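This structure is a prediction, so every number in the text was calculated from the model and none was measured.
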Amino acid sequence: AGPGERTEMLEAHVAAEVARVLGLGGELPDPRQGFFDQGMDSLMAVELRGRLQAALGRTLPTSTVFNYPTVHSLARFLAEGLPGAGEPRDGGPAPGVEPAVDDLGNLSDDQLLALLAGELENGD
């Protein structure tokens, strides 16, 4: 698939995974509404990251769901990691870049807990 099609396919997959994590049944989330505005918590964010890692066969930064907090932005970020990707990113840090220690003070308690859970999960 071409880059645009890949992003659409990834957006559909991410939306389905978010719906599973949030327990939305057959309803899909709004692709431009924030995950946490839709009821996601830090443990759900860790679960979503794990599901996406398994599906894509690649490791994602622990902060991925916080840096790309919508279906749309997360799908665009994930599409960049595919061979032949070249679409511009929708904001956020460069792929694979964790927040700097100075940036941690700007995160909520839930976001900090999710980052810590991800680090512990990865043994980092």
Side-chain angles (χ1 to χ4, degrees):
E5 293 172 350
R6 289 182 209 171
T7 302
E8 288 177 20
M9 293 169 65
L10 276 168
E11 191 163 320
H13 179 73
V14 169
E17 292 297 341
V18 169
R20 283 186 192 96
V21 169
L22 291 175
L24 299 178
E27 185 180 334
L28 293 177
D30 179 338
R32 295 195 184 264
Q33 184 179 10
F35 298 137
F36 300 96
D37 294 335
Q38 296 180 67
M40 187 174 288
D41 62 27
S42 58
L43 294 177
M44 290 175 176
V46 171
E47 180 183 350
L48 176 61
R49 178 177 158 260
R51 287 174 169 273
L52 295 173
Q53 287 182 138
L56 296 172
R58 70 185 241 221
T59 301
L60 299 172
T62 56
S63 60
T64 298
V65 176
F66 299 105
N67 290 338
Y68 306 95
T70 66
V71 169
H72 180 75
S73 65
L74 183 53
R76 289 176 59 95
F77 165 73
L78 295 174
E80 286 182 354
L82 298 176
E87 293 186 40
R89 283 203 335 273
D90 190 15
V97 175
E98 296 294 327
V101 173
D102 294 343
D103 295 337
L104 295 178
N106 296 327
L107 299 177
S108 71
D109 288 345
D110 281 345
Q111 291 171 324
L112 288 169
L113 287 171
L115 287 173
L116 179 58
E119 293 294 318
L120 292 172
E121 176 183 299
N122 290 332
D124 292 343

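With sequence neighbours left out, the side chain to side chain contact (heavy atoms under 4.5 Å, CB included) criterion links Q38 to L22, P29, Q33. Residues satisfying the side chain to side chain contact (heavy atoms under 4.5 Å, CB included) test with E47, not counting sequence neighbours, are V21, R51.
For the pair M40 and V65, the minimum side-chain heavy-atom distance is below 4.5 Å. Between L56 and L10, the closest side-chain pair of non-hydrogen atoms falls below 4.5 Å.
When all heavy atoms are compared, the tightest approach of T64 to P61 is OG1-O, 2.7 Å. Taking all atoms of both residues into account, the shortest heavy-atom contact from P31 to E11 is CB-OE2, 3.4 Å. Counting all heavy atoms, side chain and backbone alike, F35 lies closest to Y68 at CE1-O, 3.4 Å.
Listed by first then second residue, pairs satisfying salt bridge (Lys or Arg N to Asp or Glu O under 4.0 Å) with a partner in residues 33-46 number zero, not counting sequence neighbours.
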Residue pair L52, H13: steps toward the side-chain contact (heavy atoms from CB on, under 4.5 Å) verdict: CA-CA 9 Å; L52 295 173; H13 179 73; 4.0 Å; yes
Give the C-alpha distance, both sets of side-chain angles, the deciding distance and a yes or no for side-chain contact (heavy atoms from CB on, under 4.5 Å) between L60 and F77. CA-CA 10 Å; L60 299 172; F77 165 73; 4.2 Å; yes
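Side-chain atoms of R58 come within 3.5 Å of backbone atoms of L78 as a donor-acceptor pair (strictly under, hydrogens ignored). Formation of a donor-acceptor pair under 3.5 Å by the T70 side chain with backbone atoms of S73 is found in this model.
For the pairing with V71, the side-chain contact (heavy atoms from CB on, under 4.5 Å) check across D30, L28, V14 returns one residue only, V14.
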